[in-house]
Amino acid sequence: PSPNNIINFRAYSTVEQIDAYLDYISDQYPDITDVKTIGYSGEGRPIRMVRIHPRTVRRNSNKPKILVDAGIHAREWIAPAVALYMIQQLVENNDDHRNITEQLEWHIIPLLNPDGYAYSMTTDRMWRKNRSNTTNPYCSGVDLNRNFDLFFGGLGTSSDPCDETYTGKVPFSEPEARALRDYATSLSNVRLYLTLHSFGQFFLYPWGFGDVLPRDWRDLDKLGRVAQKALERVRGTKYRVGSSTNLLGAAAGGSDDWMKGRAGIKYSYTVELPGGGEKGFDLPASQILAVSQETWEALKTMGYFILEE
Ligand code: ING
Ligand code: ZN
């Protein structure tokens, strides 16, 4: 394969660069990857997914799967960067971790909210939501992480389109949330769901809708701590593990709650990557590689856990 000159993890990628990298992956590694468009954003951008699916291995459609998304929130730029790093490692460096690429299937959506991301690059660095029109002509955007339908409109949400946590009018009003829902529903045997956000250094598991825990919370806590330890080993970065309500306060309608409560994915986590810069979301680009490397160690370890379980 020709060297990849499209992403280098020394700068944050634009939507166009992310698309170009996915095109490159799909051209250069057709035997390992499927790159698919799973839906379109409100402004018509494709929402794309990379499936790591080596043809050299006996193909079994019911392999255990790991579903990862990033960039639900526009300003959390480190999240898509880490997702691209994961894709690069799984596709271009797969000798280091053959078992988890061959015996598991990874489905990675590196940029769920391309409209918001583009807007945060061109116009408003602190933009969080998507860019859809609302009932208020002065305020646009829905918080995609409040648009899922487990306890839609509950604690930690807003029905005011001018707020950062605006739910949208109805559950799944937004094409980006529907794309993720429909893609998850189309897969069988998904064992682990990870949604990459920033910031705060947490492995969060359900429930986010309120102050109760899933019946199997001990299992989620255990895998969270496995990831936490693997991450800390790299360069000492400390994460906390717990339910999102217990660690951050309730926020209903999130994707992690839906994946566990409705899609039946046992292990579902929101990963809050490290912050930096002035506002926390503007982690300097010089940190992308170090954050990606330590996070990838944790996520690989989660892969091995899923494989052995
Ligand atoms: N934080 C999450 C948010 O959507 C969260 C917190 C986690 C809410 C899990 C619900 C479930 O507000 C960020 N950084 O977006
Ligand atoms: Zn977020």
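Everything numeric in this text was worked out from a predicted model, so none of it was measured. Residue numbers run from 1 in the order of the sequence given. Indexing begins at 1, ligand by ligand and atom by atom, following the structure's order.
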Please state which protein non-hydrogen atom is closest to [atom] and give its distance, to 0.1 Å?
atom	answer
atom 15 (O) of ligand 1	His73 ND1, 2.9 Å
atom 12 (O) of ligand 1	Arg146 NH2, 2.9 Å
atom 6 (C) of ligand 1	Glu272 OE2, 3.6 Å
atom 5 (C) of ligand 1	Asn145 ND2, 4.3 Å

Would you say [X] has any N or O atom under 3.5 Å from an N or O of ligand 1, going by distance alone?
X	result
His197	yes
Asp256	no
Thr270	no

- Item | Reference residue Asp115; test salt bridge (charged side-chain N to carboxylate O under 4.0 Å, His left out); the match among Lys129, Arg131, Arg45 |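 It is Arg45, the one option of Lys129, Arg131, Arg45 that forms the salt bridge (charged side-chain N to carboxylate O under 4.0 Å, His left out) with Asp115.
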- Is it true that atom NZ of Lys36 has more than 12 heavy atoms of other residues, nucleotides or ligands lying nearer than 6.0 Å?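 No, because the 6.0 Å sphere around NZ of Lys36 holds 12 heavy atoms or fewer from other groups.
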- Counting only heavy atoms not in Tyr40, do more than 12 sit closer than 6.0 Å to its OH atom?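 Open.
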- Task: Would you mind listing which atoms of ligand 1 come within a distance below 4.0 Å of any non-hydrogen atom of Ala251?
- Result: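 Those qualifying, in numeric order: 8 (C), 10 (C).
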- Message: Taking 4.0 angstrom as the limit and counting only heavy atoms of Ser198, give me the atoms of ligand 1 inside it, by number and element.
- Response: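 Close to Ser198: 14 (N).
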- Item | Within-4.5 Å side-chain heavy-atom neighbours: Lys300 and Met86 |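 They are not in contact (no side-chain heavy atoms under 4.5 Å apart), so the answer is no.
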What are the two closest heavy atoms between [X] and [Y], and how far apart are they?
X	Y	answer
Ser255	Asn145	N-OD1, 2.9 Å
Ala70	Ala83	CB-CB, 3.8 Å
Ile18	Tyr117	CD1-CE2, 4.0 Å

- Message: We want to know whether Tyr193 and Asp256 form a side-chain donor-acceptor pair, criterion being a heavy-atom distance below 3.5 angstrom.
- Response: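 Their side chains do not contain a donor-acceptor pair, so the 3.5 Å distance test is not met.
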- Query: Quick check: does any side chain N or O of Asp282 sit under 3.5 Å from a backbone N or O of Gly277, one acting as donor and the other as acceptor?
  - Reply: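 Not confirmed, Asp282 side chain does not pair with Gly277 backbone.
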- How many N, O or S atoms of the protein are nearer than 2.8 Å to the Zn ion (ligand 2)?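 Excluding waters, the total comes to 4.
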- Item | Non-hydrogen atom of Ser244 closer than 4.0 Å to ligand 1 |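 Under 4.0 Å: yes for Ser244.
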- Message: Please identify which of these residues, Tyr21, Tyr29, Trp106, meets the side chain to side chain contact (heavy atoms under 4.5 Å, CB included) condition with Ile87.
- Response: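 The residue from Tyr21, Tyr29, Trp106 that satisfies side chain to side chain contact (heavy atoms under 4.5 Å, CB included) with Ile87 turns out to be Tyr21.
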- Query: Can you say whether the rings of Tyr119 and Trp127 are parallel (under 30°), tilted (30 to 60°) or perpendicular (over 60°)?
  - Reply: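 Correct class here is perpendicular.
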